[in-house]
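Naming: A, B, ... by sequence-line order, numbering from 1 per chain.
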Number of protein chains: 2
Amino acid sequence: MPGISDVARLAGVSTATVSRALSGNGAVSAETRVRVTQAAASLGYVVSSDASSLASGRTRNVGVVVSHLSRWYFTAVIEGAQRVLLQRGYDVTLYNLGGEGEERPRVFEHHLLRGRVDAVIAVALKLTEDEIGRLLAIGKPVAGVGGPLPGASTVTIDDVHVGRLATEHLLALGHRRIAHLGGRPEFDLEFHVPTSRRLGYEAALLAAGIAPDPALSVAGDFTIPGGHEAARRLLEPALLESAQRRPTAVFAASDEMAIGAVLAARELGLSVPGDLSVIGVDDHPLAAFFGLSTVAQHVERQGEQVAELLLRTIDPPRRHGPAADDAPTTLHSPVDLVVRTSTAAPADHPTPTTRNA
Amino acid sequence: MPGISDVARLAGVSTATVSRALSGNGAVSAETRVRVTQAAASLGYVVSSDASSLASGRTRNVGVVVSHLSRWYFTAVIEGAQRVLLQRGYDVTLYNLGGEGEERPRVFEHHLLRGRVDAVIAVALKLTEDEIGRLLAIGKPVAGVGGPLPGASTVTIDDVHVGRLATEHLLALGHRRIAHLGGRPEFDLEFHVPTSRRLGYEAALLAAGIAPDPALSVAGDFTIPGGHEAARRLLEPALLESAQRRPTAVFAASDEMAIGAVLAARELGLSVPGDLSVIGVDDHPLAAFFGLSTVAQHVERQGEQVAELLLRTIDPPRRHGPAADDAPTTLHSPVDLVVRTSTAAPADHPTPTTRNA
DNA sequence: GTGAAAGCGCTAACAG
DNA sequence: CTGTTAGCGCTTTCAC
């Protein structure tokens with residue numbers, strides 16, 4: 001492990017110049033820079049991040065806090081964020097608050113405060129004002145993905161819009177009895193995602209002159225088994241009664257639930273989309289395989305976006321006029337309707353209509 | 001941000017004593033320890049990891065290198081490893097080599113060498129001798145999960161055994177025409193997992209006096225769509241020819257492929273397990289939902305195990321006699337057969353037989 | 001554009 | 001058991 005002084009000696013300059021040449025901070029003549037760079041390369045010199053951090057106060061590392069890891073959404077965000085961070089020379093330190101344990105306080109009161117990160121990203125996690133406050137107090141910017149954070153910048157999608165978009169697609173196909181697979185109340189803790197999507201669904205129905213039927217709204221847990229179970233709960237009683245009562249379409253608040261619903265429908269002898277149209281949300285990796293129509297969100301992109309947001313404040317591009325303003329921003333990430341083969345006009349209503357009020 | 005000297009002043013001792021009291025290194029009288037601890041707590045003091053690392057040479061951080069993130073296996077390993085690491089006060093810095101880009105050399109030649117980690121864990125990634133050598137040369141132990149690493153400790157499962165176990169289960173049920181869904185050659189790069197499982201399958205068949213039929217072995221890519229496609233490729237031609245030729249059971253080298261196969265079978269009008277038994281490997285989170293019989297491996301546990309392995313060398317328990325030997329270990333993690341509802345005796349062979357040679 | 005020198009905040013001998 | 005004293009390997013004024 002050669003040190004900076006080895007490089008300095010070899011290049012015939014001072015350590016200060018080596019530091020400047022290698023970091024790009026401070027002016028160095030072109031030829032000196034070349035000499036230093038070559039010396040460093042020939043020695044295999046890599047700056048010690050600890051020494052550098054200690055002296056400069058900047059770690060070039062950002063913390064990512066998540067509540068789960070083994071779910072598509074979280075890893076997709078992390079992949080996006082990590083990609084841009086790594087490419088800018090930053091490391092990513094991961095804190096998984098998974099287990100119910102005391103991880104959370106430990107992470108916020110110890111790990112994140114020991115100065116190992118320059119900033120933190122919260123993924124679909126509602127931080128308390130206290131948690132955010134403490135970080136901000138020691139000069140660590142905080143940003144989040146997936147919902148509002150008191151006093152921090154975030155990137156999200158408009159979940160009401162998502163619900164509306166999905167429902168309007170079904171209405172436009174001519175469906176009138178449209179069911180909804182949403183989230184359980186306890187699931188609403190994080191940012192009201194389920195509620196917002198349901199609100200959009202109801203708004204779209206209302207705008208089409210249809211009164212939302214509480215009997216058509218059931219709760220799941222956002223997983224495939226959860227969607228399957230919820231869909232059976234919805235469809236089985238309906239099948240026993242009049243065909244009249246049976247919904248002809250389902251809007252599931254996540255693709256995983258939608259996939260569960262498709263599977264449940266098949267089991268009950270209903271063809272999709274012949275007897276039942278199903279639409280989800282996310283554009284999950286499995287959506288295409290199941291031919292699922294969905295409201296796509298671009299999760300990796302969202303990860304890239306938070307990272308960019310954060311970098312703008314901790315690592316502003318060189319030669320910048322007014323400092324990037326520190327006011328919390330909210331960035332709305334786009335969503336778009338992807339129509340595949342799980343949605344079609346209802347059997348008794350072959351001609352798609354445009355929406356009517 | 002109070003510093004160690006603030007704590008020292010408040011507790012009426014020297015900074016050295018504070019360091020000793022808080023880190024547990026070096027003897028401190030019980031009452032001094034209490035005073036220091038209280039002083040630290042009342043000030044909200046947290047040691048600066050950079051300063052501490054610089055002075056001590058230990059970072060209390062381990063790097064985890066993965067080739068993907070958005071796959072169940074990888075995140076499960078990370079969750080397990082992170083849990084034990086965090087609980088021992090370690091941070092986890094994640095390096096995702098995902099994209100084809102130049103991430104890999106950058107990570108190995110720069111990020112991992114800048115002294116931010118005490119050790120590195122490779123998850124289902126084959127490191128070159130050079131990559132491992134460089135890390136070892138600067139005193140960073142390396143350990144891996146999912147396959148042998150030249151010169152490093154690892155935890156794995158016995159994949160030949162896995163293949164044998166699954167196949168023996170099908171044989172014991174009375175199946176004779178047993179197909180295999182394995183991996184494409186290019187998939188074999190990482191540790192020969194697909195090949196080993198197939199070898200176990202063939203060994204079991206041979207032991208039962210059955211010659212493996214190349215036509216019954218098809219390749220997939222370890223995903224649900226991949227398994228689905230492979231299963232169709234296997235079953236469709238067979239269905240067109242004599243029922244004789246059709247396999248009565250399938251051993252898929254991963255649960256995801258097995259799920260794809262179950263779905264494909266249903267589409268082709270075959271009932272599982274009535275017409276076709278299917279068994280996978282992993283005990284994937286969706287396995288139970290699909291009633292999939294499988295050879296379970298305990299992935300999170302494997303993550304815990306590598307972490308423990310590594311900690312033993314970088315953070316040996318206090319009062320230890322001979323230092324933990326540094327010779328690379330290979331730890332075989334157990335697997336076990338989980339029988340659910342996707343496997344049963346073949347239709348024409350109602351009585352399960354015991355294996356016969 | 002470059003060098004000298006003073007730390008960054010802690011830990012680890014070494015005395016006592 | 002505790003204090004003193006050197007650094008750990010860089011970055012950054014401040015002069016030149």
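- Counting heavy atoms from C-beta on, the side chains of A:Val66 and A:Val64 come closer than 4.5 Å.
- Dashed line: the shortest gap from a side-chain N or O of A:Ser48 to OP1 or OP2 of D:dC8 is not under 4.0 Å.
- Rounded to whole Å, atom C1' of D:dG7 lies 17 Å from atom CD1 of A:Ile4.
- Nucleotides of DNA chain D nearest to A:Val46 and B:Val13 differ in position, and the one nearer the 5' end is that of B:Val13.
- Between B:Asp6 atom CG and C:dC8 atom P the separation is 12 Å, expressed in whole Å.
- Under the 4.5 Å side-chain criterion, counting only non-hydrogen atoms from C-beta, A:Arg9 is in contact with A:Asp6.
- Rounded to a whole Å, the CG atom of A:Leu54 is 9 Å from the C1' atom of D:dG9.
- Within 4.0 Å of A:Ser5, counting heavy atoms only, lies no atom of the nucleic acid at all.
- Atom CG in B:Asp50 sits about 12 Å away from atom P in C:dT11, given to the nearest Å.
- Nucleic acid contact for A:Val18: none, since no nucleic acid atom lies under 4.0 Å from a heavy atom of the residue.
- In this structure, B:Arg114 atom CZ and D:dC8 atom C1' are separated by 18 Å, rounded to whole Å.
- Taking only side-chain nitrogens and oxygens, B:Ser14 comes nearer than 4.0 Å to OP1 or OP2 of D:dG3.
- In this structure the side chain of B:Leu113 never reaches within 4.5 angstrom of the side chain of B:Phe108, judged on heavy atoms.
- Atoms CZ (B:Arg58) and P (C:dC10) sit 17 Å apart, rounded to a whole Å.
- Between A:Arg60 and the options A:Asp118, A:Asp50, A:Asp315, a salt bridge (Lys or Arg N to Asp or Glu O under 4.0 Å) holds for only A:Asp315.
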- Verify side-chain hydrogen bond (donor to acceptor under 3.5 Å, both in side chains) between A:Ser52 and A:Ser49, making sure each step is shown before the conclusion. CA-CA 5 Å; A:Ser52 172; A:Ser49 53; over 6 Å; no
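- The side chain of B:Ser52 contributes an N or O atom lying less than 4.0 Å from OP1 or OP2 of C:dT11.
- B:Val28 places none of its side-chain heavy atoms less than 4.5 Å from the side chain of B:Val36.
- The CE atom of B:Met1 sits 16 Å away from the P atom of C:dC8 (whole-angstrom rounding).
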Shorter than 3.5 Å, N or O on both sides, protein versus nucleotides 12-16 of chain C: list them out with atom names.
none

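- Here the C1' atom of nucleotide C:dT11 and the OH atom of B:Tyr45 are 10 Å apart, to the nearest Å.
- Counting any heavy atom pair closer than 4.0 Å across all strands shown, A:Ser53 reaches no nucleic acid atom.
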- Walk me through it: do A:Thr93 and B:Thr93 pass the test side-chain hydrogen bond (donor to acceptor under 3.5 Å, both in side chains)? CA-CA 4 Å; A:Thr93 295; B:Thr93 295; 2.7 Å; yes
